[in-house]
2 protein chains.
Amino acid sequence: MSDELDQTISTRLREADQRYTSGRRALVAALTAAGRPLTAAEVVGAGGLAQSSAYRNLAVLETCGVVLRVAGTDEFARFELAEDLTDHHHHHLICTGCGRVTDFTVSDDLERSLESAMDTVASSTGFAPDHHRLDLLGRCATCRTTGDGSEDRS
Amino acid sequence: MSDELDQTISTRLREADQRYTSGRRALVAALTAAGRPLTAAEVVGAGGLAQSSAYRNLAVLETCGVVLRVAGTDEFARFELAEDLTDHHHHHLICTGCGRVTDFTVSDDLERSLESAMDTVASSTGFAPDHHRLDLLGRCATCRTTGDGSEDRS
DNA sequence: ATTTATGCAAATCGTTTGCAAACCT
DNA sequence: AGGTTTGCAAACGATTTGCATAAAT
């Protein structure tokens, strides 16, 4: 992870009266290195901090807008760095076999269409859209060849 | 709910060696009447059956392709009738205040673009998309006027 | 020195499961 | 009767929390 990213995060935490501790740095490093949303278990494994600390820090980072919670299809919550930190607006490929979540992007045209759909909803209902979520559900290459969904959350 | 719908569901259950019991009928009726995804608690409240039976029947109906599990942003699972039973392809408005999920539709043009994005992913990666999920996250009219997210899952 | 973060173990809570009674065919 | 579904209460498991210690400022 770049020093610049670290600086931005540090500032964002300080603005919320939070410290950028070594544990939180480890956690951010794990998410950065992964390049895909990680489960709490994966974060714990990679970051080397206690489970409770991982959850607590993820909550802090989420509140400060550093980390985002990602909804998959299984029972595990997943976490990734906020998009405005990575400058990489993306969507998710969700494997219905193993639950793994990976990133993908769509054309600017499609993004614009999505934005316009949001505007339409905003003006035709009382709902005030904030952001959108576009996921593709299917089977990843591994689960397709392996036959079925035997997990590997390591 | 229409007799035709009941017929279809009955058939679909029978094909999986499952019965269309009164409890399951009540559950389907509750989902039909609601017209939006319901939490397990809401289903229990409306269907008048025990919690464990509700969960068990929802699982059976999900396996048989009658009911679909919907991911929101809160800790509650939500359920709705499968789209091919309602002939109503739709997406979800998810309120980040109260968690409530409602339906909305987009233009056929946008749907086609989404389909084409799926095809692109399919051919450029090993991932085999099955369906897509487009959600708009924001605040519902009630939560916007009420100020903030005080729950009402009744 | 005082406040905040950590790790452990216990608690929480939506969901799942074992089991005996009620139900359907 | 034979197999399935139901409701109750107990079990489960991911996540959260209480509390005493360690770290940061």
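Each chain gets a letter, A, B and so on, in the order its sequence line appears, and its residues count up from 1. FYI, side chains are in, hydrogens and waters are out, and symmetry mates aren't considered; it's all heavy atoms of this structure.
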Atom-to-atom span, CZ of A:F76 to P of D:dT15 - whole angstrom: 7 Å
Which sits closer to the 5' end of DNA chain D, B:A50 or B:R19, going by the nucleotide each is nearest to? B:R19
For the side chain of A:R25 and the backbone of A:D6, is there at least one donor-acceptor N/O pair under 3.5 Å apart? no
Figure out the CG/P separation between B:N57 and D:dT4, and round it to whole Å. 15 Å
Look only at the side chain of B:E83 and the backbone of B:H90, and say whether a donor-acceptor pair between them is shorter than 3.5 Å. yes
Distance check needed: D:dT25 P versus A:Y20 OH, whole Å only. 14 Å
Which distance, rounded to the nearest 0.5 Å, do you find between the CD of A:E80 and the NE2 of A:H92? 3.5 Å
Separation of A:Q51 atom CD from C:dA11 atom P, in whole Å? 17 Å
Rounding to 0.5 Å, atoms OG1 (B:T39) and CD (B:E75) come to a distance of 10.5 Å
So, does A:S53 get its side chain near the phosphate of C:dG7, meaning an N or O under 4.0 Å from OP1 or OP2? yes
Hey, does A:A59 reach any base, or is it just sugar-phosphate, or nothing, if we go heavy atoms under 4.0 Å? nothing
Take the protein atom CZ of B:R14 and the nucleotide atom P of D:dT4, then report the distance between them rounded to whole Å. 15 Å
Does the side chain of A:S52 get closer than 4.0 angstrom to OP1 or OP2 of D:dT16 through an N or O atom? no
For B:A40, report the nucleic acid contact type (base, sugar-phosphate, nothing); a contact means any heavy atom under 4.0 Å. sugar-phosphate
Kindly assign one of parallel, tilted or perpendicular to the pair B:H91 and B:F104, based on the angle between their ring planes and the thresholds 30° and 60°. tilted
Between A:R56 and C:dA5, does any side-chain N or O lie under 4.0 Å from OP1 or OP2? no
Nearest whole Å is fine: how far is D:dT4 C1' from B:L49 CG? 16 Å
Side-chain N,O (B:Q18) to OP1/OP2 (D:dT5) below 4.0 Å: yes
Under 4.0 angstrom, heavy atoms only, what part of the nucleic acid is A:T21 near: base, sugar-phosphate, or nothing? sugar-phosphate
How long is the line joining CD of B:E75 and P of D:dT16, in whole Å? 9 Å
In whole angstrom, what separates A:D17's CG from C:dA5's C1'? 15 Å
Closest nucleotide of DNA chain C for B:Y55 versus for B:S22: which of these residues is on the 5' side? B:Y55
